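Beneath this line is the structure, given in structure tokens, with notes to follow.
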Protein chains: 2
Amino acid sequence: MVSSIMKKAQSEFLKSSAEFVVLGLLARREMHGYEILKQIESESRGVFAYKEGTLYPLLHRLEGQGSIEAYWEATESARKRRYYRITRAGRKLLQERKSQWAEFRAALDQLVTERAWSAEALS
Amino acid sequence: MVSSIMKKAQSEFLKSSAEFVVLGLLARREMHGYEILKQIESESRGVFAYKEGTLYPLLHRLEGQGSIEAYWEATESARKRRYYRITRAGRKLLQERKSQWAEFRAALDQLVTERAWSAEALS
DNA sequence: CTTGATACCTAGAGTGTCGATATATCGATT
DNA sequence: AATCGATATATCGACACTCTAGGTATCAAG
């Protein structure tokens, strides 16, 4: 049943909304960790509000796999910030996530629609 | 920062896409477990494809909390099927999930958009 | 009679996120 | 001068959702 050379993209994607969001933000400009946290919270008006315990390990993972790269801010003050920038590999991953998100979004919208359409009619 | 009397709705939601989908399907009509599984897979064209190990415990949980109710199919054959129907409480939960999904969807779309808009401009 | 689809189920592993905690800088208020 | 909240980084254990892997049984088709 169902042609579906389909991978388990949806579940993998589902668990990585933070990864997707972070890559999306860093695709605009370089940011440091805490800034990412606050930007997500304010721009989503609180709908997304990841915790430090989520973000920092995630940033380290993304850095480790080469999706982003980091450097300590060069400054005179004692305040240290670690800035992150997206890499070419990261942009590629972001594009994948975007198309997965579009698929996920469309499929979920379809499934929770009261009016049931046949799967055949969708082709 | 951010007014945000916001609950942790998004993360709770994120982890319960299966719950949302199942409630959405049962809001249309009664179905049995295996049927739900196949319906999700075919209607989403494979984007969603939960496993038995996900669905059956979920159905039991939803039944336990009163969101759905179940009965064994009355039939002459030895083949047994357990049918599920959504309750009034279940429909209420579904409505909550729907508005959470709309918020989640809008927020995520905003965050991964290249063109950054200020949070203020969104009000 | 064997195989695959149907149909139910559970136990354990994996993993993303949170809660709690720790350290330290900095500006503002007392 | 001291305190407090926001800024800024980080780690660890707990929790919850999903998957993997296994089990049992009916039924139609080859």
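Proteins get letters first, then strands, A, B, ... in listed order; numbering begins at 1 in each. As the structure is a prediction and not an experimental result, all values here were calculated from the model.
Between B/Arg97 and B/Glu103, no side-chain nitrogen of the basic residue sits less than 4.0 Å from a carboxylate oxygen of the acidic one, so the salt-bridge criterion is not met.
A search for side-chain hydrogen bond (donor to acceptor under 3.5 Å, both in side chains) contacts involving B/Glu96 returns nothing, not counting sequence neighbours. For A/Arg29, the side-chain hydrogen bond (donor to acceptor under 3.5 Å, both in side chains) partners two or more places apart in sequence, or in a different chain, are A/Glu35. Every side-chain hydrogen bond (donor to acceptor under 3.5 Å, both in side chains) that A/Ser17 has, sequence neighbours left out, goes to A/Tyr50. With sequence neighbours excluded, no residue forms a salt bridge (charged side-chain N to carboxylate O under 4.0 Å, His left out) with A/Arg79. Remark: A/Lys80 pairs with no residue by the salt bridge (charged side-chain N to carboxylate O under 4.0 Å, His left out) rule, at least two apart or across chains.
B/Arg88 places none of its side-chain heavy atoms less than 4.5 Å from the side chain of B/Arg91. The side-chain heavy atoms of B/Val22 and B/Tyr84, taken from C-beta on, include no pair separated by under 4.5 Å. Residues A/Gln110 and B/Ser44 fail the side-chain proximity criterion, which asks for heavy atoms closer than 4.5 Å. Inter-residue side-chain proximity for A/Phe20 and A/Lys98 is flagged as met; some heavy-atom pair is nearer than 4.5 Å.
Hydrophobic clustering of Ile, Leu, Val, Met, Phe, Trp and Tyr side chains at less than 4.5 Å, counting indirect connections, keeps B/Ile36 apart from B/Tyr83.
Contact annotation: B/Tyr34 side-chain N/O to C/dT6 OP1/OP2 distance is under 4.0 Å.
With C/dC8, D/dA10, C/dT6 as the candidates, the nucleotide lying closest to the side chain of A/Tyr56 is D/dA10. Closest contact between the side chain of B/Arg81 and the listed nucleotides C/dC9, C/dA7, D/dA8 involves C/dA7. Nearest nucleotide to the A/His32 side chain, out of C/dC8, C/dG19, D/dT9: D/dT9. Across D/dT9, C/dC8, D/dT18, the shortest atom-to-atom separation from the side chain of B/Tyr50 is found for D/dT18.
Of the residues in residues 58-70 of chain B, none lies under 4.0 Å from DNA chain D by heavy-atom distance. Across residues 17-27 of chain B, B/Ser17, B/Ala18 each have a non-hydrogen atom less than 4.0 Å from an atom of DNA chain D (numbered order).
Rounded to whole angstrom, the span from the CH2 atom of B/Trp72 across to the P atom of C/dC8 amounts to 7 Å. Distance B/Arg82 CZ to C/dT10 P: 11 Å, rounded to the nearest Å. The distance between atom CD1 of A/Ile40 and atom P of C/dT17, rounded to the nearest whole Å, is 10 Å. The distance between atom CD of B/Glu52 and atom P of D/dC19, rounded to the nearest whole Å, is 10 Å. Per the geometry, CD belonging to A/Glu73 stands 15 Å off P belonging to D/dT7, to the nearest Å. Atom NZ of A/Lys51 and atom P of D/dA10 are 19 Å apart (whole Å). Atom CZ in B/Phe48 sits roughly 16 Å away from atom P in D/dC17 (whole-Å rounding). Distance CG (B/Leu55) to P (C/dA11): 17 Å, rounded to an integer number of Å.
Taken from OG1 in B/Thr87 to CG in B/Leu23, the straight-line distance is 8.5 Å, to the nearest 0.5 Å. Atom CH2 of residue A/Trp101 and atom CG of residue B/Leu108 lie 4.5 Å apart, to the nearest 0.5 angstrom.
The two residues A/Leu94 and A/Ala27 have their closest heavy-atom pair at CD2-CB, 3.6 Å. Counting all heavy atoms, side chain and backbone alike, A/Gly33 lies closest to A/Leu55 at O-CD2, 3.2 Å.
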* Heavy atoms under 4.0 Å is the rule here; annotate nucleotides 23-30 of chain D 5' to 3' with B where the base is hit, S where only the sugar-phosphate is, and - elsewhere. => ---BS---

Measure all distances between protein nitrogen or oxygen atoms and nitrogen or oxygen atoms of nucleotides 1-3 of chain C, and list the pairs falling under 3.5 Å.
none

Are there any protein N/O atoms within less than 3.5 Å of an N/O atom in nucleotides 12-14 of chain D, and if so, which ones and at what distance?
none

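Residue pairs meeting the salt bridge (charged side-chain N to carboxylate O under 4.0 Å, His left out) criterion with at least one member in residues 51-61 of chain B, sequence neighbours excluded, are B/Glu19-B/Arg61.
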Acceptor/donor pairs from residues 62-76 of chain B side chains to any protein atom, 3.5 angstrom cut, sequence neighbours excluded:
from	atom 1	to	atom 2	distance (Å)
B/Glu63	OE2	B/Arg82	NH2	3.1
B/Gln65	NE2	B/Ser67	OG	3.0
B/Glu69	OE2	B/Arg85	NH1	3.0
B/Tyr71	OH	B/Glu30	OE1	2.4
B/Thr75	OG1	B/Ser77	N	3.3

